[in-house]
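One structure is given below, encoded as C-alpha cells.
Naming: A, B, ... by sequence-line order, numbering from 1 per chain.
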There are 2 protein chains.
Amino acid sequence: MSKKQDILDAALKLFTENGARATSTKSIASEAETSEALIFKHFGSKDNLLEEIIKKGYQAAAKTTSPYLIGQTPKEYIAKMIELPIILTKSNPDFWRMQYKIIALNLISSRYHDIFMRPCFEKLTISFEKLGYKQPALEAELLLIHIDGVWKYLAAHALDSERENALISTMKEKYNL
Amino acid sequence: MSKKQDILDAALKLFTENGARATSTKSIASEAETSEALIFKHFGSKDNLLEEIIKKGYQAAAKTTSPYLIGQTPKEYIAKMIELPIILTKSNPDFWRMQYKIIALNLISSRYHDIFMRPCFEKLTISFEKLGYKQPALEAELLLIHIDGVWKYLAAHALDSERENALISTMKEKYNL
DNA sequence: GTCTATAATTTGATAGAC
DNA sequence: GTCTATCAAATTATAGAC
C-alpha cells in the first residue's frame with residue numbers, strides 16, 4: 001500500500017499549502033507520482049481523501065491526549081488543557097498545520113474538531129466550579145477560545161520549544177497553576 | 001455606481017460562504033444580478049475584487065479603532081486592546097466574518113491583517129513593561145494570540161452583546177483591569 | 001493495484017456591440 | 001457602464017486495459 005500512503009502524504013502537503021478546494025487531484029497525483037485515477041480508486045472522491053486524512057489525524061490525537069487528560073484534579077486538568085496545543089502540534093505538526101489552514105472554511109475539518117473538543121467544555125466548567133470560580137461556564141468558554149487561538153498559532157508559526165513553553169507557563173500563571 | 005457596489009456586496013457574501021477560491025465569478029455575477037464581464041471591467045480580476053473588499057474593510061477598521069487606541073495609559077491601552085474584538089466585529093460583522101473564513105489560506109487577507117495589527121505588539125510590550133510585568137514581550141505575544149482567537153470567535157459565532165461583554169470582562173480581570 | 005485516455009463541466013477572462 | 005457571446009484551460013471523475 002505504498003502508493004496509497006504516497007497519495008495521503010501528497011494530499012496532506014498540498015491541502016496545507018493551498019487548501020482543499022484549491023488543490024486539484026491532478027496536482028496530488030503529480031506530487032505522489034501516481035496516476036490521477038488511482039486517487040479515485042482508493043478514496044472515491046477528493047472529499048473522501050480529505051476525510052480519511054482528518055479521521056486518522058483525530059484518531060492519533062485522541063490516542064496522544066487521552067492518557068494526559070484522565071483522572072486529574074481540577075487544577076491539573078486545567079493545566080493539561082493549557083498544555084494541549086503543545087501536545088497536539090508537537091506530536092503531529094503537519095496535520096495540525098493543515099487543520100489550521102482549512103478549518104474555518106471546511107465542514108469536514110470543523111466537524112471532526114468540534115467532536116474532538118466537545119467533552120472539554122463540560123470538564124473545564126466542572127473544574128472551574130470546583131475551584132470556586134464565580135462563572136465557571138464563562139471561564140471554560142474563554143479558556144477554550146484561548147486554547148483554540150494557541151494551537152492555531154503554534155501550528156502556523158512553528159516556534160522553538162523554549163518560546164512555546166514560556167508562553168504556556170505565562171498562561172498558567174494567569175490561572176495560578 | 002450601483003452595479004459596482006452590488007458586485008462588492010455579492011462577492012463579500014459569497015467569499016464568506018465558500019472562500020475566495022471556491023467562489024466563481026459567475027456566481028458573483030448571478031448574485032449581483034449583473035454580467036460576469038462587468039466584474040472584470042470594474043476590478044480587473046477576482047483577486048483584485050477581493051483586495052478591494054479587504055482594503056475598504058481595513059480602512060474602515062483603522063477609522064473605527066484609531067480614536068480608541070491613542071493617548072491611553074498602559075492599563076487603558078491593554079483594556080482597549082482586549083475590547084478590540086468587540087469594537088471590530090460590531091462595527092463591520094460581515095467583513096470580519098469573511099476575514100475569519102479566509103485569512104488562514106489567503107495571502108491578501110493575511111497580509112492586510114498583519115499590517116493592521118503590527119503596531120500593537122510594540123505598544124503592548126511597552127505597556128506591560130511600564131506596569132512592571134517581568135516578560136513584557138512574552139505577555140504582549142500571548143495577549144495578541146488571545147485577541148486573535150477572540151475576534152475570530154466573535155466573528156464566527158455572533159453572540160449576543162451580554163455574553164460578549166461578559167467574556168471581555170472576565171478577560172480583563174486576568175490582567176487586573 | 002495501477003495505468004492511459006477521455007468525458008462532461010466549470011473556470012477566469014476577453015472581444016466587441018450598444 | 002453594461003451586455004451577449006465566446007474561448008482556452010483546468011477540474012472531478014469514469015471506462016477499460018494490463
Side-chain angles (χ1 to χ4, degrees), chain A residues 1-56 98 101-112, chain B residues 1-57 98-99 101-112:
Chain A
M1 290 226 193
S2 172
K3 287 274 182 189
K4 191 174 180 181
Q5 191 58 48
D6 288 348
I7 292 168
L8 287 166
D9 294 343
L12 176 61
K13 180 184 170 188
L14 294 172
F15 288 161
T16 303
E17 281 171 13
N18 308 310
R21 204 79 179 240
T23 298
S24 66
T25 48
K26 187 178 181 174
S27 69
I28 295 169
S30 169
E31 174 78 25
E33 293 180 308
T34 54
S35 66
E36 225 178 321
L38 198 57
I39 295 171
F40 293 95
K41 297 279 183 181
H42 275 312
F43 302 99
S45 71
K46 200 175 81 169
D47 269 0
N48 276 344
L49 167 56
L50 173 63
E51 181 154 4
E52 193 120 332
I53 292 171
I54 292 174
K55 198 181 286 181
K56 282 173 197 278
M98 184 196 77
K101 289 273 203 159
I102 70 172
I103 197 168
L105 268 168
N106 191 286
L107 272 182
I108 302 170
S109 165
S110 58
R111 209 177 301 134
Y112 274 83
Chain B
M1 290 226 194
S2 172
K3 287 276 180 187
K4 192 174 181 182
Q5 190 58 47
D6 289 348
I7 292 168
L8 287 166
D9 294 343
L12 177 61
K13 180 184 171 188
L14 294 173
F15 287 161
T16 303
E17 281 172 14
N18 309 310
R21 204 79 179 239
T23 299
S24 66
T25 48
K26 187 177 181 175
S27 68
I28 296 170
S30 169
E31 174 77 27
E33 293 180 307
T34 54
S35 66
E36 223 179 324
L38 198 58
I39 294 171
F40 294 94
K41 297 278 182 183
H42 275 311
F43 301 98
S45 70
K46 200 173 81 168
D47 269 0
N48 276 344
L49 167 57
L50 172 62
E51 181 154 3
E52 193 120 334
I53 292 171
I54 292 174
K55 197 182 286 180
K56 282 174 197 278
M98 184 195 77
Q99 275 296 91
K101 289 272 205 160
I102 70 172
I103 196 168
L105 268 169
N106 191 286
L107 273 180
I108 302 169
S109 165
S110 58
R111 208 177 301 135
Y112 272 83

Does [N] have OP1 or OP2 under 4.0 Å away from a side-chain N or O of [X]?
X: A/Lys3; N: C/dC3; value: yes
X: A/Ser24; N: D/dT11; value: yes
X: A/Lys46; N: D/dT12; value: yes

Length of the line joining [X]:[atom1] and [N]:[atom2], which is rounded to integer Å:
X: A/Lys4; N: C/dC3; atom1: NZ; atom2: P; value: 15 Å
X: A/Asn18; N: D/dA10; atom1: CG; atom2: P; value: 15 Å
X: B/Ile28; N: C/dT11; atom1: CD1; atom2: P; value: 11 Å
X: A/Leu8; N: C/dG1; atom1: CG; atom2: P; value: 12 Å
X: B/Phe43; N: D/dG1; atom1: CZ; atom2: P; value: 10 Å
X: A/Lys26; N: C/dT6; atom1: NZ; atom2: C1'; value: 13 Å
X: B/Gln5; N: D/dG1; atom1: CD; atom2: C1'; value: 16 Å
X: B/Leu14; N: C/dT11; atom1: CG; atom2: P; value: 12 Å

May I ask you to test the [X]-[Y] pair for a side-chain heavy-atom distance under 4.5 Å?
X: A/Lys4; Y: A/Glu52; result: yes
X: B/Phe15; Y: B/Lys101; result: no
X: B/Leu105; Y: A/Arg21; result: no

| When we call it a touch if two heavy atoms are under 4.0 Å apart, what does B/Thr25 touch: a base, just sugar-phosphate, or nothing? | base
| How would you label the contact of B/Ser27 with the nucleic acid (heavy atoms, under 4.0 Å): base, sugar-phosphate, or nothing? | nothing
| Between the main-chain N or O of B/Asn106 and the side-chain N or O of B/Ser110, is there a donor-acceptor pair closer than 3.5 Å? | yes
| Residues two or more places apart in sequence or in another chain: which of them pass salt bridge (charged side-chain N to carboxylate O under 4.0 Å, His left out) with A/Glu51? | none
| message | My understanding is that only residues two or more places apart in sequence, or in another chain, count here; which of them pass side chain to side chain donor-acceptor pair (under 3.5 Å) with A/Lys13? | response | A/Glu31
| Yes or no on side chain to side chain donor-acceptor pair (under 3.5 Å) for B/Gln5 and B/Asp9, after CA distance, side-chain angles and deciding distance? | CA-CA 6 Å; B/Gln5 190 58 47; B/Asp9 294 343; 3.0 Å; yes
| message | Using a strict heavy-atom distance below 4.0 Å, which residues from residues 30-41 of chain B are in contact with DNA chain D? | response | B/Thr34, B/Ser35, B/Ala37, B/Leu38, B/Lys41
